[in-house]
There are 2 protein chains.
Amino acid sequence: MSVRPPTAQQFVLGELRRAITAGRLRPGAPIRQDAVAEELGVSRVPLREALKTLQGEGLVSYQAHRGYFVESLSLDDLREAYRIRQLLEEEAVRRAAARLTGADLDRLDAAEREVERAGAAGDVLEMAAANRRFHMALFELAGMPRLIRLIQSLWDATDAYRSMYYGEGDNRARVVDEHNAVLAALRKCDVDEAVRILDAHRDHAVAALEALLEEPPS
Amino acid sequence: MSVRPPTAQQFVLGELRRAITAGRLRPGAPIRQDAVAEELGVSRVPLREALKTLQGEGLVSYQAHRGYFVESLSLDDLREAYRIRQLLEEEAVRRAAARLTGADLDRLDAAEREVERAGAAGDVLEMAAANRRFHMALFELAGMPRLIRLIQSLWDATDAYRSMYYGEGDNRARVVDEHNAVLAALRKCDVDEAVRILDAHRDHAVAALEALLEEPPS
DNA sequence: AGATTGGATTTTGGATCCAGTATTGATTAT
DNA sequence: ATAATCAATACTGGATCCAAAATCCAATCT
């Protein structure tokens with residue numbers, strides 16, 4: 001099972017996502033294909049394919065003969081994305097809970113410990129990644145691949161904002177607490193409780209982001 | 001406001017969607033880029049970009065260095081897609097109903113009459129298109145652009161099966177009846193009733209498709 | 001006979017080049 | 001001074017060409 005070197009397209013896709021969600025490409029700004037391609041050391045072809053993927057995910061918009069633009073998520077857009085996530089993730093959790101085994105719970109526990117480890121090490125980026133793995137591991141159990149894909153793309157679209165959230169105050173500790181509360185609820189087979197916690201979590205995140213976005217960036 | 005000739009990419013995208021949903025490209029089959037490009041009279045570049053879009057919509061899958069494959073929807077996949085549609089469309093209808101004006105209802109009425117006209121003329125294809133316009137007109141009223149995009153992509157993915165549905169027995173008459181029932185419920189501001197009808201409609205469609213897919217195609 | 005290896009062929013991935021469209025800026029007229 | 005026009009420029013869209021990977025097939029070995 002050897003590791004295949006990633007195609008230029010996959011590389012570009014990752015770099016672009018990072019650049020957009022990290023804000024290095026400003027929302028609303030046009031994407032100069034020549035410049036970006038040169039910057040990344042590839043030609044425009046794989047870049048354009050990566051942009052098409054990002055368009056599908058809603059991270060960039062496209063106008064014929066004018067090109068691609070970094071999609072800026074307004075507060076409304078953000079709220080909408082989180083609302084859709086709520087709908088889809090509730091379904092995923094309920095299905096997952098219905099098929100949950102002890103081994104699954106152990107795996108989720110392990111995933112949660114990785115989140116804690118990253119948190120203890122103060123590695124915000126790794127913590128965000130581990131948090132995502134934890135949630136996806138849970139959702140995967142629903143056995144609905146298409147649903148997972150949709151949820152993933154929503155996470156992609158809101159990635160930048162999620163890292164803002166992780167950077168603030170005691171949010172990291174809160175995440176860990178809530179994960180554990182969800183796991184406890186699942187152990188008790190109390191799905192409603194698990195869903196309730198996750199919803200509260202999302203609501204809190206949205207509220208925190210609203211507060212952050214209100215005040216102009218320093 | 002002159003009409004711009006569509007780019008090759010847009011043309012290819014439409015043709016591919018049609019070919020896939022009409023079954024002219026068999027599910028599971030690899031997509032030979034050279035052959036398809038020549039068939040459509042374009043080069044491989046716009047074709048590949050169109051395929052990336054379709055990948056995002058889940059109509060084709062992709063493996064690095066192996067290419068694109070027509071995604072075959074199993075019965076399970078179909079059920080999953082319809083379930084997700086149910087979640088998203090319920091949200092759309094509820095939001096739409098909350099902001100519904102008299103003018104909106106008139107527009108929906110007009111859209112419904114187009115469905116009836118196509119039905120009376122026996123034009124199944126046009127009826128399917130008009131039906132889609134009717135539903136989207138309703139969903140649009142929710143004012144959630146991202147939600148609409150997701151719903152559209154789910155409709156795209158299940159297009160082929162929907163036309164099967166329209167071809168069968170008295171399903172066309174049933175569609176018209178249910179549209180009118182939904183409109184009546186919305187007029188009474190009875191959202192729950194509207195949602196209930198739409199859900200029943202989807203359930204019936206899924207059941208009909210299950211029956212159709214069970215028996216081997218003639 | 002079956003599995004395996006090596007090379008020929010096919011197909012995808014990526015780079016470069018050209019054409020068509022949009023944008024920019026200077027020039028002119030009001 | 002401002003608006004409109006038109007040429008120069010920049011950028012996107014698409015075609016072609018080359019490289020790299022995968023597939024296919026025959027020859028070889030166990």
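Since the structure is predicted, the reported quantities are computational estimates derived from the model, not experimental observations. Note that these values count all heavy atoms, side chains included, but never hydrogens, waters or copies made by symmetry. Chain letters run A, B, ... following the sequence lines, proteins first, then strands; residues in each count from 1.
Checking C:dT21, D:dA15, C:dG14 against the side-chain heavy atoms of A:H65 singles out C:dT21 as nearest.
At the heavy-atom level, A:R44 lies under 4.0 Å from base atoms of the strands shown. Looking at heavy-atom distances under 4.0 Å, B:Y62 makes contact with sugar-phosphate atoms alone, never a base. If you check every strand for non-hydrogen atoms under 4.0 Å, B:L47 touches nothing. Backbone-only engagement by A:I31 is indicated by non-hydrogen atom pairs under 4.0 Å involving sugar-phosphate atoms exclusively. As judged by a 4.0 angstrom heavy-atom cut-off over every strand, A:R48 is placed among the base-contacting residues.
At a threshold of 4.0 Å, the pair B:E57-B:R17 counts as salt-bridged, since one of the basic side-chain nitrogens sits closer than that to a carboxylate oxygen. Using a 4.0 Å cut-off between charged side-chain N and carboxylate O, B:E15 and B:R18 make a salt bridge. Between B:E140 and B:R107, no side-chain nitrogen of the basic residue sits less than 4.0 Å from a carboxylate oxygen of the acidic one, so the salt-bridge criterion is not met.
Ring orientation note: the planes of A:F134 and A:H179 are close to parallel, at an angle under 30° on the 30°/60° scale. Relative orientation of the B:H135 and B:W155 rings is tilted, given thresholds of 30° and 60° on the angle between their planes.
When the P atom of C:dT9 is taken as reference, atom CG of B:D34 falls 17 Å away, rounded to whole Å. Remark: P of C:dG13 and CD of B:Q33 are 6 Å apart, rounded to the nearest angstrom. Between the CZ atom of B:F69 and the C1' atom of C:dT11 there is a distance of 11 Å, rounded to whole Å. When the P atom of C:dA15 is taken as reference, atom CZ of A:F11 falls 11 Å away, rounded to whole Å. Spacing between atom CD of B:Q10 and atom C1' of D:dG13 amounts to 11 Å, rounded to whole angstrom units. When rounded to the nearest whole Å, the span between CD of B:Q55 and P of C:dG13 equals 10 Å. With rounding to whole Å, A:Y68 atom OH is found 13 Å from D:dC11 atom C1'. Distance, B:Q63 CD to D:dA22 P: 11 Å, rounded to whole Å.
Phosphate contact (OP1/OP2 of C:dT23, side-chain N/O of A:R66, threshold under 4.0 Å): present. Under 4.0 angstrom from either OP1 or OP2 of C:dG14 there lies no side-chain N or O belonging to A:S43. Distances shorter than 4.0 Å separate none of the side-chain N or O atoms of B:Q9 from OP1 or OP2 on D:dG13.
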